[in-house]
Amino acid sequence: MIGLVGHGGLSAGVLEVVARELEGALEGVAPVGDPVVVRAAARLPVVAGRAARRVGRPVVVVLPARGSLPEGDRRAAGELLALAERVHLLPYDPAVRQDRVAADEQLVRCCRQLVAVWDGSPSDGRDATAHLVAFAGGLGKPVRVVWPAGTVRYAGCGGAGKGAR
């Protein structure tokens, strides 16, 4: 399995570029039939699920077994479920940051490799992508970083991951 993590607050324009970059990255990851695993949420997980399906990879969606998805993630979860070949329930509450990070760590543990949509910045307390990349490396998992050339993340965005090309 291929775990996918990354910045959740990317602008719509950057997400479009990331979608194309993800397709290329997923086409280049072996073995070809490995599914892409995403934790249900809006924006990047949906883009990743669509990209995986476009290149012929199955999608596995991780849903919370505790709490409920925030209102803004429910429609996205519905689309992800429609794209999914399988669903895994993990005991985490999506309203609790520490639970979300623990769920992503579990996702990384179960995967053969990680694809991270990451600009290389350190964790800012809200975005755990840097932590997850280091975590995967510590487990000896290969990590492929996807970040569109020429795309920058502005420090003034409060770490929300917004960027512009």
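The shown structure was predicted, so the numbers you read here are calculated from the model rather than taken from an experiment.
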Partners meeting salt bridge (charged side-chain N to carboxylate O under 4.0 Å, His left out) with [X] (sequence neighbours left out):
X	result
Glu79	Arg50
Asp99	Arg66
Arg54	Glu23
Arg112	Asp34

Q: Kindly write out the residues that satisfy side-chain hydrogen bond (donor to acceptor under 3.5 Å, both in side chains) with His88, not counting sequence neighbours, or none if the list is empty.
A: none
Answer yes if [X] and [Y] sit in the same cluster of Ile, Leu, Val, Met, Phe, Trp and Tyr residues linked by side chain heavy atoms under 4.5 Å apart, and no otherwise.
X	Y	result
Val101	Val37	no
Val117	Val143	no
Leu22	Val46	yes
Val5	Leu69	no
Met1	Leu4	no

Nearest heavy-atom neighbours spanning [X] and [Y]:
X	Y	value
Val61	Ala84	CG2-CB, 3.7 Å
Ala76	Ala42	CB-CA, 3.4 Å
Pro58	Glu85	CB-OE1, 3.5 Å
Leu139	Val108	CD1-CG1, 4.2 Å
Val133	Ala116	CG2-CB, 3.6 Å
Cys111	Gly3	SG-N, 3.2 Å

(Q) The criterion is side-chain contact (heavy atoms from CB on, under 4.5 Å); which residues satisfy it with Leu89, sequence neighbours excluded? (A) Leu63, Ala65
Q. Which is it for Val60 and Val36 under the side chain to side chain contact (heavy atoms under 4.5 Å, CB included) test, yes or no, and what are the steps along the way?
A. CA-CA 6 Å; Val60 176; Val36 173; over 6 Å; no
Heavy-atom distance under 4.5 Å between the side chains of [X] and [Y], does that happen here?
X	Y	value
Gln113	Val29	yes
Leu90	Pro64	no
Ser68	Pro94	no

Looking at [Y], is its backbone amide N or carbonyl O close enough to the side chain of [X] to form a donor-acceptor pair, meaning the two atoms are under 3.5 Å apart?
X	Y	result
Arg144	Leu114	no
Arg57	Leu26	yes
Arg39	Val62	no

Q: Evaluate side chain to side chain contact (heavy atoms under 4.5 Å, CB included) for Phe135 paired with Arg109, printing each intermediate quantity in order.
A: CA-CA 9 Å; Phe135 183 77; Arg109 277 188 206 94; 3.6 Å; yes
Q. Just wondering, are more than 12 heavy atoms of other shown residues or ligands nearer than 6.0 Å to CZ in Arg74?
A. yes
Q) What's the spacing between Leu107 CG and Tyr92 OH if we round to 0.5 Å? A) 9.5 Å
Q: Take Val38 and Leu80 through the test side chain to side chain contact (heavy atoms under 4.5 Å, CB included) and record every step on the way to the result.
A: CA-CA 9 Å; Val38 295; Leu80 283 167; 4.0 Å; yes
